[in-house]
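Bear in mind the structure is a predicted one, so any value in this text is a computation, not a measurement. What you see below is based on every heavy atom in this structure, not just the backbone, and it leaves out hydrogens, waters and symmetry mates.
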Amino acid sequence: QVRLVESGGGLVQAGGSLRLSCAASGSGFSIVTMAWYRQTPGKERELVGTITSRGSTNYADSVKGRFIISRDNAKNTLYLQMNNLKPEDTAVYYCYDFRNYWGQGTQVTVSS
């Protein structure tokens, strides 16, 4: 069984930065593609970006050039570095294991 626990969310001013972490327990983290999603009330969950087991990344156009996804397979941890944050980045951020496991989410609020 895989368990994902996000941390690092909070309140930040526009232009600021936050780093989210997702700690994974269970086996297989190092060989699975991972992703970050986000969701705001009344909207569908939106893909932020993905990272393969080898570290190849892809990003949504809305975050490209501002967000960086990385992973430490030795620590079973996924990261999301968010820079130059905008109010429209306000959302609950979830990590996702492509074996269909979700974390509980962490709230990010960006004030203008």
message: So Val108 and Met82, do their side chains get closer than 4.5 Å, heavy atoms only?
response: yes
Donor-acceptor pairs are to be reported for all side-chain atoms of residues 57-69 against protein atoms at under 3.5 Å, with residues two or more places apart or in another chain.
unit_1 : atom_1 : unit_2 : atom_2 : d
Tyr59  : OH     : Ile69  : N      : 2.8
Asp61  : OD1    : Lys64  : NZ     : 3.1
Ser62  : OG     : Arg38  : NH2    : 3.4
Arg66  : NH1    : Asn84  : O      : 3.0
Arg66  : NH1    : Asp89  : OD2    : 2.7
Arg66  : NH2    : Ser62  : O      : 2.8
Arg66  : NH2    : Asp89  : OD1    : 3.0
Arg66  : NH2    : Asp89  : OD2    : 3.4

query: Do Phe98 and Tyr93 belong to the same hydrophobic cluster, where Ile, Leu, Val, Met, Phe, Trp and Tyr are linked whenever their side-chain heavy atoms lie under 4.5 Å apart, directly or via other members?
result: yes
- request: Sequence neighbours left out, what passes side chain to side chain contact (heavy atoms under 4.5 Å, CB included) with Val92? Give chain and number order.
  value: Tyr94, Gln107
- request: Mind checking the CH2-CD1 spacing from Trp36 to Ile51? Nearest 0.5 Å is all I need.
  value: 11.5 Å
- prompt: Sequence neighbours excluded, which residues qualify as ring pair (Phe, Tyr, Trp, His ring centres under 6.0 Å) partners of Tyr37?
  reply: Tyr96, Trp102
- prompt: Are any side-chain N or O atoms of Gln104 and backbone N or O atoms of Glu6, one a donor and one an acceptor, separated by less than 3.5 Å?
  reply: yes
- request: Sequence neighbours left out, what pairs pass salt bridge (charged side-chain N to carboxylate O under 4.0 Å, His left out) with at least one residue falling in residues 96-112?
  value: Asp97-Arg99
Please output the side-chain donor-acceptor pairs of residues 15-34 that fall under 3.5 Å, not counting sequence neighbours, one pair per line with the distance.
unit_1 : atom_1 : unit_2 : atom_2 : d
Ser17  : OG     : Asn83  : OD1    : 3.1
Ser25  : OG     : Arg3   : O      : 3.4

statement: Correct closest heavy-atom pair for Tyr101 and Gln1 would be CE2-NE2, 4.0 Å
query: Are Tyr79 and Val5 connected in a single hydrophobic cluster, I mean Ile/Leu/Val/Met/Phe/Trp/Tyr linked by side-chain heavy atoms less than 4.5 Å apart?
result: no
message: Apply side-chain contact (heavy atoms from CB on, under 4.5 Å) to residues Arg71 and Thr77 and explain how you reach the verdict.
response: CA-CA 6 Å; Arg71 65 193 297 164; Thr77 304; over 6 Å; no
- prompt: When rounded to the nearest 0.5 angstrom, what is the spacing between SG in Cys95 and CG in Leu4?
  reply: 4.0 Å
